[in-house]
Student: 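Pasting a structure here, questions to come.
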Number of protein chains: 2
Amino acid sequence: MPGTPGERQESLDVIQRELTAFARRARAAAARLHPELPLVSYTLLAHIDDRHGCRATDLAAHYMLDKSTVSRQIGALEKLGLVERHPDPNDHRIQVLHPTEAGTQALASTQASRRSAYQERLADWTADDLAGFAEYLLRYNAAGDTSTTSPQTPKA
Amino acid sequence: MPGTPGERQESLDVIQRELTAFARRARAAAARLHPELPLVSYTLLAHIDDRHGCRATDLAAHYMLDKSTVSRQIGALEKLGLVERHPDPNDHRIQVLHPTEAGTQALASTQASRRSAYQERLADWTADDLAGFAEYLLRYNAAGDTSTTSPQTPKA
DNA sequence: GGATTTCAGTTGTATAGTACAACGAGTTAG
DNA sequence: CTAACTCGTTGTACTATACAACTGAAATCC
């Protein structure tokens, strides 16, 4: 069993190094994979679709982005005809975001190509390993959500 | 048991989503953690240090960056007094890059603070889980290295 | 009910990181 | 010597981002 502190530190260093390496390549890789729908827009659109309508503020909170960033991203998506903004009848400050038909389609095709890229890349992994990796990533990201990481000290 | 194809696909989707989420947060998180030494500069500096001197072209190839990008990054590092450029006596086109004393120190302190950030974030993980996560990340990144174009030594 | 405060979103401005293209200087091949 | 190639820089442009200032709408407070 890995019980020595040294092994623990070694694992931490590997995790740090490999996550850094991944982060560095991720954007370039995503850009090459989908020149049509940039990484960030894709992510936001996916979230909007997932929630079947949400507010810009939700997106900003979830992705730890400034509201101005989200505003511009949404503007771009709207200009591309991929999302629609509907004012909330109960609260006129709020814009409820929905994917358009084109947005849903763009998302589906992007997800399909991403999916197949991941499938290919992880083709020789066992189902157990995939499940384990997925669980670790979930745990890792969840830790980030709750901890001190925030761009503008918004957390109350 | 995770034997059904559906579960496999589910894990793949989780991996895709969580890695994407991580990629989106990574830069901002790094920027917050080290306002002094931006992520990319840090990475390049680490590589220069690791190799004990290398060329800008090597960095561009290794990190899949445009040479202009590397040129500017190196320029910034030089302006900060963290790297030095020495002309290669045998080939005057080439600049051999070396970390300065300050560069080595900055790197060490950045690495230390990164390390402690990871330690804190993963404090409640068991050593087994850390080892497992590290192994998965290694495997994942190794797959990416081979699938992408340039033949490079995968990990430092 | 009106003043103040808070919330949602936009816009101006600035910065990092990146790519592509055009170029300059050095090196090598014919 | 000339041509082709290589290494690096610079001009330009674009994406993603943050922060600050602002508008408009809702909530709170007295």
Side-chain angles (χ1 to χ4, degrees), chain A residues 20 23-32 34-45 48 53-80 83-97 149-154 156, chain B residues 20 23-45 48 54-80 83 85-97:
Chain A
T20 303
R24 244 202 25 260
R25 300 186 189 128
R27 183 185 303 209
R32 280 175 204 127
H34 324 284
E36 299 303 306
L37 189 57
L39 172 66
V40 175
S41 303
Y42 160 77
T43 310
L44 295 186
L45 183 55
I48 293 169
C54 70
R55 303 174 303 168
T57 300
D58 298 337
L59 294 172
H62 186 75
Y63 291 116
M64 299 191 287
L65 295 171
D66 191 78
K67 53 188 178 157
S68 66
T69 301
V70 173
S71 175
R72 288 181 230 268
Q73 292 288 335
I74 298 302
L77 284 172
E78 190 186 35
K79 192 175 288 177
L80 290 169
V83 298
E84 288 170 344
R85 314 191 220 200
H86 303 295
D88 185 317
N90 301 331
D91 187 339
H92 284 209
R93 294 172 301 184
I94 294 173
Q95 295 180 347
V96 183
L97 305 170
T149 50
S150 63
Q152 61 216 354
T153 42
Chain B
T20 303
R24 301 208 15 9
R25 298 186 186 135
R27 183 196 298 212
R32 255 172 272 131
L33 204 55
H34 323 286
E36 299 304 308
L37 190 56
L39 171 66
V40 175
S41 303
Y42 161 77
T43 311
L44 295 185
L45 182 56
I48 293 168
C54 69
R55 302 174 304 167
T57 300
D58 298 336
L59 294 171
H62 187 74
Y63 292 117
M64 299 190 282
L65 295 170
D66 192 79
K67 54 189 177 156
S68 65
T69 300
V70 173
S71 175
R72 288 180 229 268
Q73 292 288 334
I74 298 302
L77 284 172
E78 190 187 34
K79 192 175 290 179
L80 291 170
V83 299
R85 314 192 221 199
H86 303 293
D88 185 319
N90 300 332
D91 187 339
H92 283 210
R93 295 171 301 183
I94 294 173
Q95 296 179 344
V96 183
L97 304 169

Student: From A:L77 CG over to A:L80 CG, what is the distance, rounded to the nearest 0.5 angstrom?
Tutor: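 Taking CG in A:L77 and CG in A:L80, the distance rounds to 6.5 Å.
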Student: Quick check on D:dC7: is either OP1 or OP2 less than 4.0 Å from any side-chain nitrogen or oxygen of B:R55?
Tutor: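 Affirmative; the distance criterion is met.
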Student: Got A:I74 and A:L59 here, is their nearest side-chain heavy-atom distance under 4.5 Å?
Tutor: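 A side-chain contact under 4.5 Å exists here.
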Student: Taking side-chain hydrogen bond (donor to acceptor under 3.5 Å, both in side chains) as the test, write out the residues that go with A:Y42, two or more places apart.
Tutor: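 side-chain hydrogen bond (donor to acceptor under 3.5 Å, both in side chains) check on A:Y42 returns A:R114, B:Q16.
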Student: Taking B:D91 for the side chain and B:D88 for the main chain, is one N or O donor matched with an acceptor at less than 3.5 Å?
Tutor: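 Not confirmed, B:D91 side chain does not pair with B:D88 backbone.
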Student: In this structure, which one of B:R85, B:Q73, B:Q95 forms a side-chain hydrogen bond (donor to acceptor under 3.5 Å, both in side chains) with B:E78?
Tutor: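 Output: one option passes, namely B:R85.
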Student: Would you say B:Q73 reaches C:dG17's phosphate, i.e. side-chain N/O to OP1/OP2 under 4.0 Å?
Tutor: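 Yes, because at least one side-chain N or O of B:Q73 sits under 4.0 Å from OP1 or OP2 of C:dG17.
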Student: In whole Å, what is the span from the CD1 atom of A:I94 to the C1' atom of D:dA26?
Tutor: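 Distance, rounded to whole Å: 10 Å.
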Student: What is the distance, rounded to the nearest whole Å, between atom CG of A:L44 and atom C1' of D:dT15?
Tutor: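 A:L44 atom CG is separated from D:dT15 atom C1' by 13 Å.
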Student: If I take atom OH in residue B:Y42 and atom C1' in nucleotide C:dA16, what distance separates them, rounded to the nearest angstrom?
Tutor: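 Checked: the OH to C1' distance equals 18 Å.
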Student: Where is the tightest heavy-atom contact between B:C54 and B:I48, given as atom of each residue plus distance?
Tutor: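 Here B:C54 and B:I48 meet closest at SG-CG1, 4.0 Å.
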Student: Side chains of A:T43 and B:T20, heavy atoms from C-beta outward: is any pair under 4.5 Å?
Tutor: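 Yes, close enough: below the 4.5 Å cut-off.
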Student: Roughly, in whole Å, what's the span from CD in B:Q95 to P in D:dT6?
Tutor: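 My rounded result for the distance is 18 Å.
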Student: CG of B:L77 versus P of D:dT9: gap in Å, rounded?
Tutor: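 In whole Å, D:dT9 P and B:L77 CG are 12 Å from each other.
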Student: Hey, what are the protein-to-nucleotides 10-14 of chain D N/O distances that come in under 3.5 Å?
Tutor:
{"residue": "D:dG11", "atom": "N7", "partner": "B:R72", "partner atom": "NH2", "Å": "3.3"}
{"residue": "D:dG11", "atom": "O6", "partner": "B:R72", "partner atom": "NH2", "Å": "2.2"}
{"residue": "D:dT12", "atom": "O4", "partner": "B:R72", "partner atom": "NH2", "Å": "3.2"}

Student: Check the distance between C:dT11's C1' and A:K79's NZ and give it to me in whole angstrom.
Tutor: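 Nearest whole value for this atom pair: 13 Å.
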Student: Heavy atoms, side chains only, cut-off 4.5 Å: are A:R55 and A:D58 in contact?
Tutor: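 Yes, at least one pair of side-chain atoms sits under 4.5 Å.
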Student: Rounding to a whole Å, what distance do you find between A:L45:CG and D:dA16:P?
Tutor: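 Rounded to whole Å, this separation is 13 Å.
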Student: Find every protein N or O atom lying less than 3.5 Å from an N or O atom of nucleotides 26-30 of chain C, and list the pairs.
Tutor:
{"residue": "C:dG26", "atom": "O3'", "partner": "B:H92", "partner atom": "N", "Å": "3.4"}
{"residue": "C:dG26", "atom": "N2", "partner": "B:R93", "partner atom": "NH1", "Å": "3.2"}
{"residue": "C:dT27", "atom": "OP1", "partner": "B:H92", "partner atom": "N", "Å": "2.7"}

Student: Measure the shortest side-chain to side-chain distance between B:I94 and B:P87 over non-hydrogen atoms and say whether it is less than 4.5 angstrom.
Tutor: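 Result no, sub-4.5 Å side-chain heavy-atom pair not found.
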Student: What is the distance, rounded to the nearest whole Å, between atom CG of A:L65 and atom P of D:dT15?
Tutor: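 In whole Å, D:dT15 P and A:L65 CG are 17 Å from each other.
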Student: Where the side chain of B:T57 is defined as all heavy atoms beyond and including C-beta, which of C:dT10, D:dT9, D:dC7 is the nearest nucleotide?
Tutor: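 Per side-chain heavy atoms of B:T57, the pick is D:dC7.
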